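Just so you know, ligand 1 is whichever comes first in the structure, and atom 1 is the first atom listed for that ligand. Positions are given from 1, in the same order as the sequence printed here. On a predicted model such as this, the values are computed, not experimentally measured, just so you know.
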Amino acid sequence: MKKDTKIVHAGYDKDRNGSMVNTPVYHGSTVLFDSKAEIEDALQRGMVAGEKVLFYGRRGSPTHWTLQDAVTELEGGYSTVIVPSGLNAVTTAILSFVRNGDHLLMLDSVYEPSRRFCDGLLKDFGAETTYYDPHIGSDIKNLIQHNTKAIFCESPGSHTFEVQDLPAIAEAAHKQNVKVLVDNTWASPLYCQPLGLGCDISIQAATKYVVGHSDALVGTITTTEECFQAVHRTNGNLGLSVSPDDVYLATRGFRTMAVRLRQHQSNALQVAQWLDNRPEVKRVLYPPLPSDPGHDLWKRDFSGASGLLGVVFKRTSEDAVFAFLEGLKYFPIGYSWGGFESLSCPSVPSGARTATQWTEPEPGVRLHIGLEDVDDLREDLEIGLDRFSSALK
Ligand SMILES: *Cc1c(COP(=O)(O)O)cnc(C)c1O
């Protein structure tokens, strides 16, 4: 089955849906039982093994199972755990493998709240984090310690767009029995399948392209068979639960992800190429551009690109960047992406790095290219760049 077909049909179950196209939204905490045998079956298969059996509302319902199955199929995994946010997917996945006395290898360009978790709660719990150069590839082997349990990747990072060599990292990790966890939000499971590249866990801030409409927060953790129990147990122990309404919105968004992403990609590529030729711009950070340092890896490991890109200016200032952003008609400032709409924000990656340096002129900007007409977007940005240049003088 091709991926566009999976997007439409994955997770559909006629019985579960009562013959409706979409799975109903099951609101409920309490599940009722008729017999000891039924309780024991639900306990063993549902709660312990993580099979799709009703036990208690917190453990999910058919509404959740449909999203779980759909994401699992697209990611090419064994199963998927649904959690209340993308950040929660990151933290739950890490806590499933890294404990007191353990060591985590974390890429230096990671999403900043994930870094704050490692330097905060994870450290308080007695686990140590070492940050590594995202371009490290197979040399990651030199950083693996006797107590290293996991290597965290995010490819490309959501401000600097550095692409990682996931197969090389996975190969080095598995030689030493270390798990590889990947934040796969930028590409979505449509355009990259980290498990197929040898990694163990693929994480989505489904808040972004899966939900796709900026109206719900959801995270997904897709695992291999070997890793499923660890993540299922952590999720259960932490007592996490996602509202069926939000899960429904995620499943609804999922069904149109293929057409939306094609438009995001097409618009973003046109904007990126246009920006790349502007006199104010030093670099556009977008792996599909042949000039991007991550282009070859992107071409090898990804089947497409999303709508998020970065812009580095030749000369810049905070005043100039805000003169640019504040007047934009179609790019309001917002620290998110993945919805149908364009967004912008200033970008200062150097402050969130410790193992390597980001030496490009700052601030830059990050743009999410939405589904608007690309001519309108370009015109808006063109007028904005004139404001930028005037403010620099
Ligand atoms: C937004 C984002 C997250 C966090 O997702 P939330 O649902 O907002 O918690 C994690 N990783 C990346 C790369 C993100 O962009």
Next item on the list: Report the member of Gly86, Ala89, Pro156 with the shortest heavy-atom distance to atom 6 (P) of ligand 1.
Entry: Gly86
Note to self: Can you tell me if Val90 contacts ligand 1 (heavy atom of the residue under 4.0 Å from the ligand)?
What the structure shows: no
Margin query: I'd like to check which ligand 1 atoms, numbered from 1 as shown, lie under 4.0 Å from a non-hydrogen atom of Lys208.
Written below: 1 (C), 2 (C), 3 (C), 14 (C), 15 (O)
Notebook entry, point to check: Between Asn235 and Thr92, do the side chains contain an N or O donor and an N or O acceptor separated by less than 3.5 Å?
Noted result: no
Check: What atoms of ligand 1 come within less than 4.0 Å of a heavy atom belonging to Thr207?
Finding: 6 (P), 7 (O)
Check: What atoms in ligand 1 come closer than 4.0 Å to a heavy atom of Ala205?
Finding: 2 (C), 3 (C), 4 (C), 5 (O), 10 (C)
Item checked: Leu285 side chain near Val311 side chain, heavy-atom distance below 4.5 Å -> no
Note to self: Less than 4.0 Å is my threshold; does some heavy atom of Trp337 fall inside it relative to ligand 1?
What the structure shows: yes
Note to self: I want to know whether His368 and Tyr209 have ring centres closer than 6.0 Å.
What the structure shows: yes
Next item on the list: Going by heavy-atom distance to atom 8 (O) of ligand 1, choose the closest among Asn184, Leu217, Leu87.
Entry: Leu217
Margin query: For Phe302 and Tyr191, I'd like to know if the aromatic rings sit close, meaning centre-to-centre distance below 6.0 Å.
Written below: no
Note to self: I need the atoms of ligand 1 closer than 4.0 Å to a non-hydrogen atom of Glu154, numbered in the order shown.
What the structure shows: 13 (C)
Check: Does NZ or CZ of Lys208 come closer than 6.0 Å to the centre of the six-membered ring of Tyr335, within 45° of the ring's axis?
Finding: no
Note to self: Is the shortest side-chain heavy-atom distance between Phe254 and Leu74 below 4.5 Å?
What the structure shows: yes
Next item on the list: For Asp183, counting its heavy atoms only, list the atoms of ligand 1 lying under 4.0 Å from any of them.
Entry: 10 (C), 11 (N), 12 (C), 13 (C)
Check: Hey, what's the ring geometry for Phe55 with Phe33, parallel, tilted or perpendicular (30° and 60° as the breaks)?
Finding: tilted
